[in-house]
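Hydrogens, waters and symmetry mates play no part in the numbers below; they use all other heavy atoms, side chains included. For the single chain, residues carry numbers from 1 onward in sequence order. In listed order, ligands and their atoms are each counted from 1.
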Amino acid sequence: MSKSDFILELKDLRTYFPVRKFLQKKFVKAVDGVSFQVRRGETVGLVGESGCGKSTIGRTIMRFHNPTGGRIIFDGDDITACDMKPYRKRMQMVFQDPYSSLDPRMTVGDIVGEPLDIQYPNMSKAERHDRILEQIHLVGLNSEQLSRFPHEFSGGQRQRISIARAMVIKPEFMVLDEPVSALDVSIQAQIINMLMDLQERMGQAFLFIAHDLAVVRHISKQVVVMYLGHVMEINESEDLYRHPLHPYTQALLSAIPVPDPNTSRARKREVLVGDVPSPIDPPKGCVFCTRCKYATEVCREQAPQIEDVGGGHLVACHHFREI
Ligand code: SF4
């Protein structure tokens with residue numbers, strides 16, 4: 001596969017944050033050796049419970065945090081430590097909270113036009129206006145709403161404005177950090193369908209971050225499951241939902257509500273017991289061993305290597321073959 005097939009590659013990415021604990025300097029290992037790729041024009045879903053490090057990955061890719069180790073390759077270029085200015089117009093991020101991510105003193109037209117002013121300062125007023133109008137229509141809003149302020153919109157409409165702001169400069173790659181988590185379920189579906197339509201039309205690749213596996217299923221070609229800063233399993237979306245191999249993925253999937261009561265009654269529910277360990281002092285072996293019902297001595301001593309079990313299905317577990 002040529003390098004151009006991937007818009008983004010993470011290689012052993014690590015992001016640690018220094019903290020003081022009992023006068024000792026320690027590190028919160030938010031991301032600890034994560035590797036995966038995103039193909040051009042496709043969506044990768046990144047899932048896991050709160051605090052597993054998925055948002056830190058998104059922010060590290062955008063270089064809002066500097067990585068502690070590993071490499072970030074964007075379109076074949078190593079951007080781990082370089083000046084990000086030339087890449088800002090090619091990669092954008094949408095944040096979870098559509099209430100705090102929009103400046104309340106700016107009109108919608110100014111919010112959506114701001115990235116054009118920064119990235120294309122010599123763009124003519126007419127072209128700027130046309131680009132803003134085109135983008136506003138693409139996200140399902142209309143020209144009369146350009147002069148309004150964010151507080152005049154619902155949560156779903158605000159997220160449409162955030163998406164228009166990120167897409168107006170036509171980036172090739174976008175990090176969508178829990179873009180629908182703060183919205184009602186019916187609005188979530190509308191926003192996800194809109195993102196899929198926009199992707200088909202404009203060809204961007206997305207890294208779609210969510211804590212809910214049900215949300216990423218519809219939009220993602222591939223899913224990466226994370227726990228405590230580590231990748232547990234990677235597979236094509238439909239295969240992962242049909243044949244999850246890692247005990248953590250199995251537990252996450254079993255918690256998804258099923259609309260059919262007969263199927264729901266017949267389904268075995270896995271309940272995760274125990275607490276998520278501290279990322280300052282993660283377990284010595286497999287990071288999931290304190291909550292895994294299949295854990296053995298080897299799990300508590302040795303971290304499992306992530307292994308390709310065929311067809312690009314990757315699993316990090318000593319015992320997945322026996323489960
Ligand atoms: Fe569970 Fe052991 Fe597999 Fe970790 S390596 S998920 S503790 S069985």
Query raised in the report: Is there side-chain contact between Leu183 and Gln190, with at least one heavy-atom pair below 4.5 Å?
Result: no

Requested in this report: Considering the heavy atoms of His246, write down every atom of ligand 1 situated less than 4.0 Å from one of them.
Outcome: 6 (S)

Report task. Check ligand 1 against Cys317 and write out every atom of the ligand that is under 4.0 Å from a heavy-atom position of the residue. Result -> 3 (Fe), 5 (S), 6 (S), 8 (S)

Requested in this report: Quick one: do Tyr241 and Asn235 satisfy side chain to side chain donor-acceptor pair (under 3.5 Å)? Show the steps, please.
Outcome: CA-CA 9 Å; Tyr241 285 84; Asn235 199 3; over 6 Å; no

Query raised in the report: Are there more than 12 heavy atoms of other residues, nucleotides or ligands under 6.0 Å from atom NE2 of His313?
Result: yes

Query raised in the report: How about Glu49 and Tyr227: do any of their side-chain heavy atoms sit closer than 4.5 Å?
Result: yes

Query raised in the report: What part of Met232, side chain, backbone, both or neither, has a heavy atom within less than 4.0 angstrom of ligand 1?
Result: neither

Requested in this report: Spell out, as yes or no, whether a donor-acceptor pair under 3.5 Å connects the side chain of Glu200 to the backbone of Asp197.
Outcome: no

**Report entry** Minimum-distance protein heavy atom relative to atom 1 (Fe) of ligand 1
**Finding:** Cys292 SG, 2.3 Å

Report task. Please determine if atom 4 (Fe) of ligand 1 has an N/O/S atom from Cys286 lying under 2.8 Å away. Result -> yes

Report task. Flag His318 as yes if one of its N/O/S atoms falls below 2.8 Å of atom 3 (Fe) of ligand 1, otherwise no. Result -> no

Requested in this report: Give the atoms of ligand 1, by number and element, whose distance to some non-hydrogen atom of Ala295 is under 4.0 Å.
Outcome: 7 (S)

Query raised in the report: Within the stated cut-off of 2.8 Å, is an N/O/S atom of Cys299 closer than that to atom 2 (Fe) of ligand 1?
Result: yes

Report task. Spell out, as yes or no, whether a donor-acceptor pair under 3.5 Å connects the side chain of Gln188 to the backbone of Val180. Result -> yes

